[in-house]
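The shown structure was predicted, so the numbers you read here are calculated from the model rather than taken from an experiment.
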Amino acid sequence: TDSTIAGSAQAGHEKTLKALIAALSGNNVLYGAGMLECGMVVDFPQLLLDSDIIDMIKCFLGGVEVSDETLCVDEIKAGGHLAEFLMSPVTLKYMRAQSRPQFFERMNRTTWINAGKPDPYDLAKEKVKDILVNHQPTPLSDSVAGDLRRFVTEVEKEWGVEPTNPDFDPASLVTDA
């Protein structure tokens with residue numbers, strides 16, 4: 001996105017359109033998740049929002065199952081065409097099978113206000129903090145860790161970069177800004 005503001009309407013609009021167009025054209029790799037300012041900036045909360053967008057696009061591309069059950073043929077036969085089906089178990093079952101974003105809200109206004117008016121970007125930012133502080137990744141095998149360290153050391157030497165701190169703590173990236 002060209003947007004300079006993570007979580008903004010512009011960022012969401014551009015990222016959704018670009019990802020949807022790419023997906024509809026048959027691409028199986030979507031590039032740019034978390035990126036802003038033409039790829040010059042990566043924002044972790046934006047990465048999580050983009051993940052929600054990509055999940056919704058994948059759900060959309062999966063299509064809609066059309067069968068006697070999903071069309072509620074038996075319920076329509078039993079209740080007639082004037083019956084109300086919004087609260088039927090079949091309607092609720094398939095409604096819940098839709099894309100379920102983690103950060104974008106799907107509440108009505110009253111529920112949203114009563115929940116404290118959660119903002120998707122703020123929710124994503126809290127999740128990033130939680131991941132950075134609490135996530136415990138499965139350790140790499142000694143062999144893989146050694147191969148990665150050797151590779152990084154070789155690249156640093158080749159590029160003339162001072163060696164980085166192998167004890168870097170990603171939790172140090174957490175700020176309240």
Side-chain angles (χ1 to χ4, degrees), residues 1-23 27-62 96-109 111-177:
T1 179
D2 294 336
S3 179
T4 57
I5 303 171
S8 68
Q10 177 184 347
H13 171 75
E14 289 179 7
K15 286 172 164 291
T16 300
L17 281 179
K18 288 177 182 179
L20 183 58
I21 290 167
N27 288 337
N28 61 359
V29 175
L30 298 178
Y31 171 78
M35 294 183 181
L36 299 164
E37 298 183 39
C38 300
M40 299 303 293
V41 172
V42 173
D43 183 83
F44 292 152
Q46 184 66 56
L47 176 63
L48 295 182
L49 295 177
D50 292 349
S51 177
D52 261 3
I53 291 169
I54 291 167
D55 284 347
M56 287 187 268
I57 289 171
K58 285 170 46 180
C59 182
F60 171 77
L61 292 177
R96 290 189 178 108
Q98 295 178 26
S99 166
R100 304 301 260 177
Q102 187 175 356
F103 304 103
F104 296 109
E105 58 87 14
R106 294 218 169 141
M107 300 174 252
N108 66 39
R109 178 172 286 279
T111 303
W112 175 73
I113 290 169
N114 290 339
K117 301 179 183 178
D119 176 75
Y121 185 79
D122 292 339
L123 295 173
K125 189 163 59 171
E126 289 305 312
K127 181 65 175 180
V128 166
K129 289 178 183 180
D130 178 61
I131 291 169
L132 289 173
V133 171
N134 297 312
H135 179 67
Q136 297 295 319
T138 304
L140 297 173
S141 69
D142 290 341
S143 169
V144 171
D147 288 346
L148 284 173
R149 177 53 42 208
R150 279 188 294 283
F151 173 76
V152 169
T153 301
E154 286 174 22
V155 171
E156 288 173 338
K157 192 181 291 184
E158 181 182 324
W159 290 0
V161 175
E162 288 293 320
T164 57
N165 180 0
D167 299 321
F168 174 70
D169 177 14
S172 67
L173 296 173
V174 176
T175 65
D176 291 326

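- Between the CG atom in Leu61 and the CD1 atom in Ile54 there is a gap of 11.5 Å [rounded to 0.5 Å].
- Heavy-atom minimum distance, Leu30 versus Ala19: CD2-O, 3.7 Å.
- Inter-residue side-chain proximity for Asp55 and Pro101 is flagged as unmet; no heavy-atom pair is nearer than 4.5 Å.
- Between the side chains of Thr111 and Asn114, no donor N or O sits under 3.5 Å from an acceptor N or O.
- Closest approach of Thr1 and Ala11 over heavy atoms only: OG1-CA, 3.9 Å.
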Can you list, pair by pair, the side-chain donor-acceptor contacts under 3.5 Å of residues 41-48, counting residues two or more places apart and other chains?
| from | atom 1 | to | atom 2 | distance (Å) |
| --- | --- | --- | --- | --- |
| Asp43 | OD1 | Tyr121 | OH | 3.1 |
| Asp43 | OD2 | Gln46 | N | 2.9 |
| Asp43 | OD2 | Tyr121 | OH | 3.0 |
| Gln46 | OE1 | Gly7 | N | 2.6 |
| Gln46 | NE2 | Asp50 | OD1 | 2.8 |

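- Contact of the Leu36 side chain with the Thr4 side chain is not registered, since no non-hydrogen atoms from C-beta on lie closer than 4.5 Å.
- Other residues, nucleotides and ligands contribute over 12 non-hydrogen atoms within 6.0 Å of the CZ atom of Arg106.
- Taking a cutoff of 4.0 Å between a charged side-chain nitrogen and a carboxylate oxygen, Lys129 and Glu126 qualify as a salt bridge.
- A distance-only check finds no donor-acceptor pair linking the side chain of Trp112 to the backbone of Glu105 [under 3.5 Å].
- Taking 4.5 Å as the limit, some side-chain heavy atom of Ser143 sits within range of a side-chain heavy atom of Asp147.
- The shortest distance between side-chain heavy atoms of Met107 and Pro118 falls below 4.5 Å.
- Remark: the backbone N or O of Ile5 is paired with a side-chain donor or acceptor of Ser8 at under 3.5 angstrom.
- Heavy atoms from other residues, nucleotides or ligands lying under 6.0 Å from CG of Asp142 number 12 at most.
- Annotation: Lys127, atom NZ; neighbour count of heavy atoms from other residues, nucleotides and ligands within 6.0 Å does not exceed 12.
- Side-chain atoms of Ile53 and Phe104, non-hydrogen and from C-beta on, do get closer than 4.5 Å to each other.
- Between Gly34 and Lys15 the shortest heavy-atom distance is N-NZ, 3.8 Å.
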* May I have the step-by-step check of side-chain contact (heavy atoms from CB on, under 4.5 Å) for Leu20 and Phe60, ending in yes or no? => CA-CA 9 Å; Leu20 183 58; Phe60 171 77; 3.9 Å; yes

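- The shortest side-chain heavy-atom distance between Glu14 and Asp2 falls under the 4.5 Å cut-off.
- For the atom pair Lys18 NZ and His13 NE2, the distance stands at 9.5 Å (nearest 0.5 Å).
- Note: Glu158 CD to Glu156 CD = 11.5 Å, rounded to the nearest 0.5 Å.
- Nearest heavy-atom pair across Thr16 and Ile57 is O-CD1, 4.0 Å.
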